Amino acid sequence: MKFKLTKQEKGWVLYDVGNSAFVLLVSTIMPIYFNYLAGNAGLSDVDYLAYWGYAASIATIIVALIGPVLGTMADTKGFKKPLFTAMLIIGAVGCMALGLAKEWLIFLIIFVIAKCGFSASLIFYDSMLGDITSDERLDNVSSLGYAWGYIGSCIPFIACLGLVLGSGSIGISMELAMGIAFAIVALWWFFLSVPILKNYKQKYYVEKKPHAVRESFLRLGRTFANVKKEKKVFLFLLAFFFYIDGVYTIIDMATAYGTSLGLDSTGLLLALLVTQIVAFPFAIIFGRLAGRYDTVRLITICICAYFGIAVFAVFLHAQWQFWLLAVFVGMFQGGIQALSRSYFTKIIPANQSGEYFGLMDICGKGASFIGTTVVSVISQLTGSVNIGVGMIAVMFVIGIIIFRAAVSADTKNVKNNTAEAMETVEAAVR
């Protein structure tokens with residue numbers, strides 16, 4: 001049966017298409033350009049990888065600190081769209097400003113600002129999912145967002161890649177080509193955001209109170225307290241903290257890792273383009289499978305697959321191995337992200353989605369500083385980037401253990417609730 005999107009769902013999916021261009025830029029061309037700037041300044045390959053990882057960590061720490069508060073504020077009636085718009089503008093303008101940076105340190109500072117805007121916008125974007133679709137369509141719509149994001153982001157990426165690689169033949173400098181590439185991505189991101197800005201309506205919210213900001217902090221405190229009591233939500237967030245941390249670390253540092261191993265830059269970029277192409281159908285497949293199989297089982301399969309990917313990365317030395325790694329990542333990347341998002345939407349209160357997704361951001365993108373920091377520190381201590389990247393596998397082991405514990409806790413609650421209901425019925429009959 002054909003799955004037809006509504007106007008609000010289409011606008012929501014298109015934002016994924018827009019912002020994914022920035023994600024692809026960050027994971028491909030941007031680290032290579034930073035390597036170019038770092039090389040001009042005399043930085044070593046190990047220091048280049050470490051500083052790039054530290055910058056990504058700083059950005060995610062900032063969002064982890066402000067995310068829950070902004071998410072809680074967004075649940076107030078009329079607040080979500082303006083906050084989302086502000087973060088979108090910070091991210092897009094920051095992306096364009098990257099083209100003006102000629103020194104590696106200035107480039108990293110602007111990168112941190114742009115990534116903060118991008119990551120914060122996703123808190124509001126993810127929390128909009130429950131507003132724009134119904135419960136039975138959550139898995140499919142979430143998967144389509146990632147799927148079209150992957151394939152759609154290839155359009156500006158190919159344009160930017162051709163511009164950067166062909167800069168010499170068309171008579172422009174590397175710096176100018178990169179400046180134009182950053183502008184293309186920023187404009188693509190902004191203009192594909194227009195439909196969601198026009199069509200989105202906040203369906204679930206809390207009423208505005210006289211002191212909205214202070215009330216947001218109070219609600220956030222209550223949410224923290226409730227999460228501790230809700231074992232299923234608490235354990236899922238803890239599991240998500242570890243396994244998605246590994247996923248985002250691989251995404252953020254893939255090109256930087258390959259570059260530090262001395263692999264051909266053009267080959268790395270093309271391999272990551274393959275990741276996007278492979279991820280498109282597989283994200284849709286996982287969305288369809290969620291209609292036939294338990295979402296928990298599918299998430300478990302994805303975590304196990306990522307563990308294997310992390311172990312494989314330890315032994316990576318040749319270009320063909322990086323290509324194989326890119327295909328494996330593409331197969332499971334969309335599934336683990338989309339199903340985690342839709343699963344979380346199902347287990348939280350609809351009118352507190354901003355609050356809970358703010359907390360989820362701490363455990364997801366906001367917590368990925370652990371992965372990037374671990375890779376950076378271990379790489380510097382051992383002098384081996386392979387060992388540094390291999391440490392990511394530990395994240396997936398811890399994640400799957402806690403995730404299964406969360407599922408067990410949920411099963412026990414269901415059994416207990418069922419037993420209590422049966423006792424009530426029996427008592428009423430007697």
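Keep in mind it's a predicted model, so treat the numbers as computed, not measured.
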Taking only Lys NZ, Arg NE, NH1 and NH2, and the carboxylate oxygens of Asp or Glu, determine whether Asp139 and Arg288 approach each other closer than 4.0 Å. no
Atom pairs and distances, donor-acceptor, side-chain atoms in residues 14-25, under 3.5 Å, two or more places apart:
residue : atom : partner : partner atom : Å
Tyr15   : OH   : Ser121  : OG           : 2.8
Tyr15   : OH   : Trp189  : NE1          : 3.2
Asp16   : OD1  : Ser20   : OG           : 3.1
Asp16   : OD2  : Tyr125  : OH           : 3.4
Asn19   : ND2  : Tyr15   : O            : 2.8
Ser20   : OG   : Asp16   : O            : 2.5

Is the closest side-chain donor-acceptor distance between Tyr33 and Glu175 under 3.5 Å? no
Please walk me through it: do Trp148 and Phe280 pass side-chain contact (heavy atoms from CB on, under 4.5 Å)? CA-CA 6 Å; Trp148 285 106; Phe280 171 63; 3.8 Å; yes
Please test Tyr150 against Thr275 for side-chain hydrogen bond (donor to acceptor under 3.5 Å, both in side chains), starting from the C-alpha separation and ending with a verdict. CA-CA 8 Å; Tyr150 292 136; Thr275 296; over 6 Å; no
Aromatic ring centroids of Phe34 and Tyr51 under 6.0 Å? no
Heavy atoms only: give me the nearest Arg404-Thr300 pair and the separation to one decimal. NH1-OG1, 2.9 Å
Contact summary for Cys154 and Gln276, nearest pair of heavy atoms: SG-CB, 3.4 Å
Of the non-hydrogen atoms in Ala283 and Gly334, which two are nearest, and what is the gap between them? CB-CA, 4.1 Å
Side chain of Arg341, backbone of Ser142: donor and acceptor closer than 3.5 Å? yes
So, Asp131 and Tyr200: side-chain donor and acceptor under 3.5 Å apart, yes or no? yes
Test your reading of the model: is there a side-chain donor-acceptor pair from Lys81 to the backbone of Leu197, 3.5 Å cut-off? yes
Test Met395 against Tyr306 for side-chain contact (heavy atoms from CB on, under 4.5 Å), laying out the working first. CA-CA 10 Å; Met395 304 290 183; Tyr306 258 99; over 6 Å; no
Heavy-atom distance under 4.5 Å between the side chains of Ile29 and Met178, does that happen here? yes
Using the six-membered ring wherever Trp is involved, compare the ring planes of Tyr243 and Phe240 and label them parallel, tilted or perpendicular (cut-offs 30° and 60°). perpendicular
Between Ser143 and Phe286, what is the shortest heavy-atom contact and its length? OG-C, 4.4 Å
Look at the rings of Phe111 and Trp52 and say which category their plane angle falls in: under 30° parallel, 30 to 60° tilted, over 60° perpendicular. parallel
Kindly say whether Pro31 contributes a backbone atom to a donor-acceptor pair with the side chain of Asn35 at under 3.5 angstrom? no
Assess the residue pair Tyr146 and Gln333 against the criterion (side-chain contact (heavy atoms from CB on, under 4.5 Å)); give the C-alpha distance rounded to whole Å, side-chain angles, the decisive distance to 0.1 Å, and a yes or no. CA-CA 9 Å; Tyr146 277 110; Gln333 183 172 292; over 6 Å; no
Using modelled atom types only, decide if a donor and an acceptor are shared between the side chain of Thr76 and the backbone of Phe79 within a distance under 3.5 Å. no
Kindly check if the number of other-residue, nucleotide or ligand heavy atoms within 6.0 Å of CZ (Phe190) is above 12? no
Rounded distance [0.5 Å steps], OG in Ser167 versus CD1 in Ile180: 9.5 Å
